[in-house]
Structure formats: structure tokens, C-alpha cells
Amino acid sequence: VSEDELKRIETLKDEFYKEKMRYTDKLRTYNAKLREESRFENLKAAMLAELANIKPPRLYKNVTYTPQESRVASLLISDIHYGIKVDNQVNYYDCEVAKDRLEQIAGMTCDMCKDMKVKTLNICILGDVVNGIINVSNRIEQEEDIMTQIINVGNILTEFIINISAKIPEVKIYTVWGNHARIPSINAAKKNDTVNRENLERLVYHFIKTMLPTHKIVTSMNDDYLVAHICGDVVVMEHGDKGTSNPIYGYTNILHEKPDIIFRGHDHEFSVKTLSDTKIVTNGSLVGTDDYALSLRVNSQPSQTFIVHNPLGQKKGMAAFELVVH
């Protein structure tokens with residue numbers, strides 16, 4: 001065999017090896033995806049089995065005011081981190097405290113809707129309602145396993161929505177995923193190595209939707225981000241863990257129009273700022289100061305956010321109120 005023939009054979013062997021490795025990598029990725037989907041489906045089946053034993057609540061309307069026809073408000077709910085236990089120098093938080101604080105938020109929301117004669121309330125759930133399984137430290141801090149978190153917080157949020165809906169003429173529910181309930185990849189060394197749709201918060205929202213009397217409560221659920229048109233404003237809802245500190249450019253590219261308002265959570269601190277005429281409303285957390293925040297010498301009050309759209313009757317605009325609980 002000539003030297004040229006030997007070189008050609010060696011080249012073919014190298015190409016065959018590369019192709020074999022490409023196929024092996026593709027097969028490994030495909031099998032990993034199947035394993036992740038199987039895990040999610042097993043968890044969903046377990047949740048549905050629990051749902052079969054739970055009697056859905058009934059909604060009894062008891063609106064005690066005459067609403068103003070055009071008055072719309074939004075309530076931002078995020079970063080409940082149900083399942084975490086915090087016990088430090090400035091804050092105590094556990095599952096019972098989470099439930100109590102949500103009851104306080106519900107009461108304040110109903111009072112404000114009554115005072116402002118709100119007709120339609122958007123309840124915008126912006127993610128991290130469970131503490132999840134994002135990393136080892138989170139699992140150490142948890143009071144409950146992830147399936148118990150999902151079922152219990154699903155029940156609590158369903159009751160929360162029902163109680164508010166009883167006193168408001170019209171309620172709409174919007175939900176987006178957070179980052180704490182993502183299922184870590186089996187081979188992942190980092191929390192960012194996860195599949196976006198493999199998110200256990202989808203189960204929480206499926207639980208809520210199944211339990212709600214949907215003929216009376218409008219729901220828009222299970223997305224990475226949502227867009228709603230509220231009182232003439234283009235409103236984007238997201239958790240806030242993706243993108244940059246200026247999300248306006250990215251959403252303008254995606255939507256082919258600039259958002260007027262962005263609702264987000266994740267940062268655990270209430271703020272309202274304006275960038276390029278877009279209002280960015282960051283929700284607080286229900287937890288308040290956790291151990292990580294305390295280690296950074298940061299102290300934030302547990303709160304959620306209530307927003308009134310077009311408060312003065314103008315074409316566009318909003319006013320945001322921080323609902324602080326204890």
C-alpha cells in the first residue's frame with residue numbers, strides 16, 4: 001500500500017471517529033432529555049394522584065362596593081420560597097409565617113380594591129413560589145420536600161386567590177416561572193445547567209388551575225414570560241433572573257414593540273424605576289431578610305406590590321404601592 005493510501009485511510013479513520021463521537025454525544029443528550037422528562041412526568045402523576053383526594057373550593061361572591069368601570073389594578077406575588085426556614089437576628093420565616101403573610105396581603109389587597117373601586121384585578125404570580133431544589137444549600141434550609149412544597153403552596157395560593165376573588169368583581173391570573181424550582185440536570189455541576197421547561201413551578205400552576213373555578217376566574221399560565229395589554233399599556237411579566245439589568249432592548253426585539261411596563265421579582269427588594277420611558281417594577285419578597293442577605297448586611301422588609309393602572313384617568317400610567325407585612 002502506498003504512503004498516500006495509508007494517509008487516506010488514516011484520514012477516513014479520523015473522520016469516522018469524529019462522527020462516532022458526534023453521534024455518541026447526540027445520543028447522550030437525547031437520553032438525558034428523556035430521563036428529565038420521565039422525572040417530570042412521574043412528579044406530575046404523583047401530584048395528580050393527590051389532587052384526586054382534594055375537594056376543589058367553591059367561590060362565593062361577596063362584593064361590597066360598586067366598581068368604577070375602567071379601574072384596573074395588579075397585584076404582584078413572587079419569591080414566597082415556600083419550604084425555606086429562616087431564623088436569624090432580624091427575621092423569622094417558615095411555612096406557617098408564609099401562609100400568615102399571604103393572608104395579610106389578601107386583606108390589604110381587598111381593602112385597597114374597595115377604596116379605589118377596582119373592577120378588575122390582575123394577580124401576577126412572578127415565580128419562586130417554592131424554595132425548590134436549585135442547589136444543596138437550599139435543600140438544607142427546607143422544611144419540606146419538593147412534592148410537599150408543590151402541593152401545600154398550591155393549596156395555599158388557591159385559597160388566597162379564592163378569598164380575593166370573592167370580594168373583587170373580576171380577577172385574572174397570570175403566572176411565570178422562577179428559577180428555584182428548575183430540575184437540575186443529572187450531569188450538571190452548576191445550577192445554570194438546567195433545561196428551562198423542566199421547572200417544577202409548572203406543577204404548582206397546573207395544581208392551581210385545576211383547583212380554581214375557571215368559569216369565574218380567567219387564567220393565563222405556564223410561560224417563561226407573559227405579555228398582557230392592560231389599560232393601553234404593553235405589560236411584560238417575568239421572574240427577573242434572565243437577561244440584563246436593562247431588559248427593554250431584548251423584549252423590544254422579541255415583541256417588535258417597546259414594553260410600557262415590566263413586572264419582575266427575583267431581587268427580593270421593591271423598586272420602581274424608569275428606563276427609556278418604560279416603568280420597571282421589581283417586587284419584594286415574602287421572605288424578607290434571609291441568611292444570605294444578612295451575610296451581605298442587607299435588610300429588606302417582607303412585602304408584595306399593588307399597582308393601580310391609570311390612577312388619574314389619563315390614557316396611560318400607573319401608581320405602585322409596597323404592601324409591607326410582618
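Residue numbers run from 1 in the order of the sequence given. All heavy atoms count here, side chains included; hydrogens, waters and symmetry mates do not.
Partners of Glu257 according to the salt bridge (charged side-chain N to carboxylate O under 4.0 Å, His left out) rule, which considers only residues two or more places apart in sequence or in another chain, do not exist here. For Lys273, there are no salt bridge (charged side-chain N to carboxylate O under 4.0 Å, His left out) partners two or more places apart in sequence or in a different chain. Partners of Asn299 by side chain to side chain donor-acceptor pair (under 3.5 Å), not counting sequence neighbours, listed by chain and number: Thr289. By the salt bridge (charged side-chain N to carboxylate O under 4.0 Å, His left out) test, Lys61 pairs with no residue at all, sequence neighbours left out.
Side chain of Asn199 to backbone of Gly178: a donor-acceptor contact under 3.5 angstrom is found. Tyr82 contributes no side-chain N or O that, together with a main-chain N or O of Ile150, makes up a donor-acceptor pair within less than 3.5 Å. Between the side chain of Thr274 and the backbone N or O of Asp277 there is no donor-acceptor pair closer than 3.5 Å. Of the possible polar contacts, none joining the Glu238 side chain to the Phe263 backbone as a donor-acceptor pair under 3.5 Å is found. When atom types are taken as modelled, the side chain of Gln104 and the backbone of His326 share a donor-acceptor pair closer than 3.5 angstrom. The backbone N or O of Asn179 sits less than 3.5 Å from a side-chain atom of Asp128, completing a donor-acceptor pair. Using modelled atom types, no side-chain atom of Glu269 and backbone atom of Ser300 make a donor-acceptor pair closer than 3.5 Å. At distances below 3.5 Å, not a single donor-acceptor pair connects side-chain atoms of Asn62 with backbone N or O atoms of Ala166. Asp233 places no side-chain N or O within donor-acceptor distance of the main-chain N or O of Val235, the cut-off being under 3.5 Å. A donor-acceptor pair under 3.5 Å is absent between the side-chain atoms of Arg101 and the main chain of Val325, judged by distance alone.
Under a hydrophobic clustering in which Ile, Leu, Val, Met, Phe, Trp and Tyr are joined whenever their side-chain heavy atoms come within less than 4.5 Å, directly or via other members, Leu294 and Val287 fall into different clusters. Residues Val97 and Val324 do not share a hydrophobic cluster, defined by chaining ILVMFWY side chains whose heavy atoms lie under 4.5 Å apart. Follow the hydrophobic side-chain contacts under 4.5 Å out from Val63 and you reach Ile217 in the same cluster. Both Tyr92 and Ile80 belong to a common hydrophobic cluster when Ile, Leu, Val, Met, Phe, Trp and Tyr are linked at side-chain heavy-atom distances under 4.5 angstrom. Transitive grouping of hydrophobic side chains (ILVMFWY, heavy atoms separated by less than 4.5 Å) brings Val298 and Tyr292 into a common cluster.
Taking CD of Gln304 as the reference point, atom CD1 of Ile125 lies at 10.0 Å (rounded to 0.5 Å). Separation of atoms CG (Asn91) and CG (Asp291) is listed at 9.0 Å; rounding is to 0.5 Å. Between Ile162 atom CD1 and Leu157 atom CG the span is 12.0 Å, to the nearest 0.5 Å. Going from atom CG of Leu121 over to atom SG of Cys113 covers 4.5 Å, rounded to the nearest 0.5 Å. If you take CD1 on Ile105 and CG on Asp100, they are separated by 10.5 Å, rounding to the nearest 0.5 Å. Distance check: Ile161 CD1 to Leu59 CG gives 11.0 Å after rounding to the nearest 0.5 Å.
Considering every non-hydrogen atom in both Tyr93 and Leu286, the closest pair reads CE1-O, 3.5 Å. Pro259 and Thr252 make their closest contact through CD-OG1, 3.7 Å (heavy atoms, listed as atom of the first residue, atom of the second, distance). Heavy-atom minimum distance, Glu201 versus Val176: OE1-O, 4.4 Å. Of all the heavy atoms in Asp79 and His239, the pair that sits closest is OD1-CE1, 3.5 Å. Between Asn131 and Gly83, the closest heavy-atom pair is CB-C, 4.4 Å. The heavy-atom pair separating Lys167 from Cys110 by the smallest distance is CD-SG, 3.9 Å.
Within the 4.5 Å cutoff, the side chain of Pro213 has no heavy atoms near those of the Arg58 side chain. Side chains of Lys209 and His206 form no contact here, defined as non-hydrogen atoms less than 4.5 Å apart. Annotation: side chain of Pro67 is not in contact with side chain of Glu170 (no heavy-atom distance under 4.5 Å). Contact annotation: the side chain of Asn152 never approaches that of Cys95 to less than 4.5 Å [non-hydrogen atoms, C-beta and beyond]. With contacts defined as side-chain heavy-atom distances shorter than 4.5 Å, the pair Val281/Met318 qualifies. By the 4.5 Å heavy-atom criterion applied to side chains, Thr219 and Tyr205 are not counted as neighbours. Residues Leu200 and Gln149 fail the side-chain proximity criterion, which asks for heavy atoms closer than 4.5 Å.
Residues Lys99 and Glu96 are not paired through a salt bridge, judged by the lack of any N-O separation under 4.0 Å between the basic side chain and the carboxylate. Ion pairing of Glu10 with Lys7 is absent here, as no side-chain N (NZ or NE/NH1/NH2) approaches a carboxylate O to less than 4.0 Å.
For the side-chain contact (heavy atoms from CB on, under 4.5 Å) test with Tyr174, the passing option among Asn122, Ile77, Leu76 is Asn122; the others fail.
Between the side chains of Asn155 and Glu159, no donor-acceptor pair of N or O atoms lies under 3.5 Å. No side-chain donor from either of Thr282 and Asp267 sits under 3.5 Å from a side-chain acceptor of the other. Residues Ser220 and Lys172 bring no donor and acceptor atom of their side chains to less than 3.5 Å of each other.
Sorted by first and then second residue, the salt bridge (charged side-chain N to carboxylate O under 4.0 Å, His left out) pairs involving residues 102-120 (not counting sequence neighbours) are Glu69-Lys119.
Taking the six-membered ring where the residue is Trp, His81 and His180 present perpendicular rings, their angle passing 60° and hence far from 30°.
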Report task. Show your working on side-chain contact (heavy atoms from CB on, under 4.5 Å) between Met21 and Tyr17 and close with a plain yes or no. Result -> CA-CA 6 Å; Met21 289 299 100; Tyr17 180 78; 3.7 Å; yes
Report task. For the pair Thr210 and Phe207, evaluate side-chain contact (heavy atoms from CB on, under 4.5 Å) and give the outcome as yes or no after the intermediate values. Result -> CA-CA 5 Å; Thr210 302; Phe207 184 106; 5.9 Å; no
Query - Audit row: Met112, Phe321, side-chain contact (heavy atoms from CB on, under 4.5 Å) steps and yes/no - result: CA-CA 10 Å; Met112 294 190 76; Phe321 302 86; 3.8 Å; yes
Report task. Determine, step by step, whether Leu75 and Ile164 satisfy the side-chain contact (heavy atoms from CB on, under 4.5 Å) criterion, reporting the C-alpha distance in whole Å, the side-chain angles of both residues, the deciding distance to 0.1 Å, and the verdict. Result -> CA-CA 11 Å; Leu75 174 64; Ile164 289 179; 4.0 Å; yes
Report task. Begin with the C-alpha distance, continue with both residues' side-chain angles, and end with the deciding distance and a verdict on side-chain hydrogen bond (donor to acceptor under 3.5 Å, both in side chains) for Ser78 and His266. Result -> CA-CA 8 Å; Ser78 74; His266 187 62; over 6 Å; no
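The number of heavy atoms from other shown groups lying within 6.0 Å of OH (Tyr65) is above 12.
Cluster note: Ile280 groups with Tyr225, Val227, Val234, Val236, Ile248, Tyr251, Ile254, Leu255, Ile262, Leu275 through ILVMFWY side-chain heavy atoms spaced under 4.5 Å, whether in direct contact or through intervening members.
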